[in-house]
Amino acid sequence: MPITDKIAAAKKISELLNGIIATGDFHLRYKIFVDPPAAEHDFDKPVIKVELSGGDGPLVLERGGELLRAFEHVALEMLRLAPDEHDQVIFDCQNFRSSRQKELRLSANVAADRVRESGMPYAFAPMSSRERRLVHLALRDVADLRTESAGEALQRYVVVYPKDYTGKPPAPQAAPSRRR
């Protein structure tokens with residue numbers, strides 16, 4: 001169900017985070033923004049944005065932001081948002097999300113160049129639905145290429161194809177280590 005009362009949803013998220021931070025003895029602070037301004041480079045247009053900061057910020061970002069995504073996932077489940085509404089709430093810490101978006105856009109452009117040079121499709125490593133969406137959006141206006149998702153569940157990945165390619169999708173790249 002979409003978020004009908006943004007303020008009530010933000011309060012629920014605040015209560016959830018207060019409990020997680022206290023119970024987990026995290027050294028974190030947070031700010032919740034309702035209807036935050038969208039950045040120029042941001043494909044997401046969230047209704048609620050949660051920014052985490054504090055001494056445990058690096059812990060939240062370890063393993064490719066795994067704990068950050070976990071906090072976000074728990075909040076989405078608590079709000080009972082459908083999967084196609086998950087982009088209404090985003091969590092960030094130390095600009096991790098915008099850095100990751102830039103990284104994905106750059107990777108998409110490098111993959112596009114590779115496909116143009118080789119004439120063969122390029123498969124990314126498995127990634128989350130939100131990250132796959134960013135790759136698709138980064139290449140949506142490229143006339144000579146197309147993107148598709150392949151694989152299932154946690155092994156879903158994006159493939160960049162020459163526009164008229166008809167073969168089978170290649171296997172995904174090996175997943176990069178999440179440790180940073």
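Position 1 is the first residue of the sequence; numbering continues from there.
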Tell me, with the steps shown, if Leu68 and Glu72 meet side-chain contact (heavy atoms from CB on, under 4.5 Å).
-> CA-CA 6 Å; Leu68 178 68; Glu72 183 176 87; 5.9 Å; no
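- With rounding to the nearest 0.5 angstrom, the CZ atom of Arg146 is 9.5 Å from the OH atom of Tyr165.
- Ile13 pairs in a side chain to side chain contact (heavy atoms under 4.5 Å, CB included) with only one of the listed residues (Val89, Leu76, Val74), which is Val89.
- Counting all heavy atoms, side chain and backbone alike, Arg105 lies closest to Ala138 at CG-CB, 3.8 Å.
- Taking the side chain as every heavy atom from C-beta outward, Asp5 and Ile7 approach each other to under 4.5 Å.
- Under a hydrophobic clustering in which Ile, Leu, Val, Met, Phe, Trp and Tyr are joined whenever their side-chain heavy atoms come within less than 4.5 Å, directly or via other members, Ile3 and Met78 fall into the same cluster.
- Residues Val34 and Lys6 share a closest heavy-atom pair of CG1-CB, 3.6 Å.
- By the criterion of side-chain heavy atoms lying less than 4.5 angstrom apart, applied directly or through intervening Ile, Leu, Val, Met, Phe, Trp or Tyr residues, Leu17 is grouped together with Phe96 in one hydrophobic cluster.
- Using a 4.5 Å cut-off on side-chain heavy atoms (C-beta onward), Leu79 and Glu85 make no contact.
- Side-chain contact check for His136 versus Ser149: some heavy-atom pair is nearer than 4.5 Å.
- A side-chain N or O of Asn18 and one of Tyr30 form a donor-acceptor pair less than 3.5 Å apart.
- In terms of modelled atom types and a separation under 3.5 Å, the side chain of Arg116 and the main chain of Leu145 share no donor-acceptor contact.
- A distance-only check finds a donor-acceptor pair linking the side chain of Gln173 to the backbone of Ala123 [under 3.5 Å].
- By the rule that hydrophobic residues join a cluster once side-chain heavy atoms approach within less than 4.5 Å of another member, Val159 and Leu139 end up as members of separate clusters.
- For the atom pair CD1 of Ile48 and CZ of Phe91, the computed distance is 9.0 Å after rounding to the nearest 0.5 Å.
- The shortest heavy-atom contact between Phe124 and Ala111 is CZ-CB, 3.7 Å.
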So Arg100 and Glu103, salt bridge (Lys or Arg N to Asp or Glu O under 4.0 Å) or not? Walk me through it.
-> CA-CA 5 Å; Arg100 181 66 177 146; Glu103 181 182 328; 2.7 Å; yes
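- Between Pro121 and Pro169 there is no side-chain heavy-atom pair separated by less than 4.5 Å.
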Kindly determine whether Leu59 and Phe26 satisfy side-chain contact (heavy atoms from CB on, under 4.5 Å), including the steps that lead there.
-> CA-CA 9 Å; Leu59 174 67; Phe26 289 107; 3.8 Å; yes
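- Summarising the geometry, atom CG belonging to Leu134 is positioned 8.0 Å from atom OG belonging to Ser128; distances are rounded to the nearest 0.5 Å.
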Step by step, would you call Leu16 with Phe71 a side-chain contact (heavy atoms from CB on, under 4.5 Å)?
-> CA-CA 9 Å; Leu16 173 72; Phe71 287 161; over 6 Å; no
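- Hydrophobic clustering places Met120 together with Tyr161 (ILVMFWY residues linked when any side-chain heavy atoms are closer than 4.5 Å, directly or through intermediates).
- Counting heavy atoms from C-beta outward, Arg97 and Gln101 have side chains that approach closer than 4.5 Å.
- Pro58 and Gln94 make their closest contact through CD-NE2, 3.9 Å (heavy atoms, listed as atom of the first residue, atom of the second, distance).
- Side-chain contact check for Asp35 versus Val47: some heavy-atom pair is nearer than 4.5 Å.
- Note: Tyr122 OH to Glu117 CD = 13.0 Å, rounded to the nearest 0.5 Å.
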Would you check, one step at a time, whether the test salt bridge (Lys or Arg N to Asp or Glu O under 4.0 Å) holds for Glu131 with Arg69?
-> CA-CA 12 Å; Glu131 290 185 342; Arg69 285 194 308 276; 5.2 Å; no
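- Of all the heavy atoms in Pro162 and Gly119, the pair that sits closest is CG-O, 3.3 Å.
- Although no hydrogens or angles enter the test, the distance criterion places a donor-acceptor pair under 3.5 Å between the side chain of Arg156 and the main chain of Gly151.
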CA sep, side-chain torsions, deciding dist, call: Asp92, Leu52, side-chain contact (heavy atoms from CB on, under 4.5 Å) = CA-CA 6 Å; Asp92 201 359; Leu52 298 167; over 6 Å; no
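- Checking Val160, Val142, Val110, Thr147 one by one against Val115, the side chain to side chain contact (heavy atoms under 4.5 Å, CB included) holds for a single residue, Val160.
- We find the CG-CG distance between Leu67 and Leu28 to be 8.0 Å, quoted to the nearest 0.5 Å.
- Between Glu66 atom CD and His73 atom NE2 the span is 12.5 Å, to the nearest 0.5 Å.
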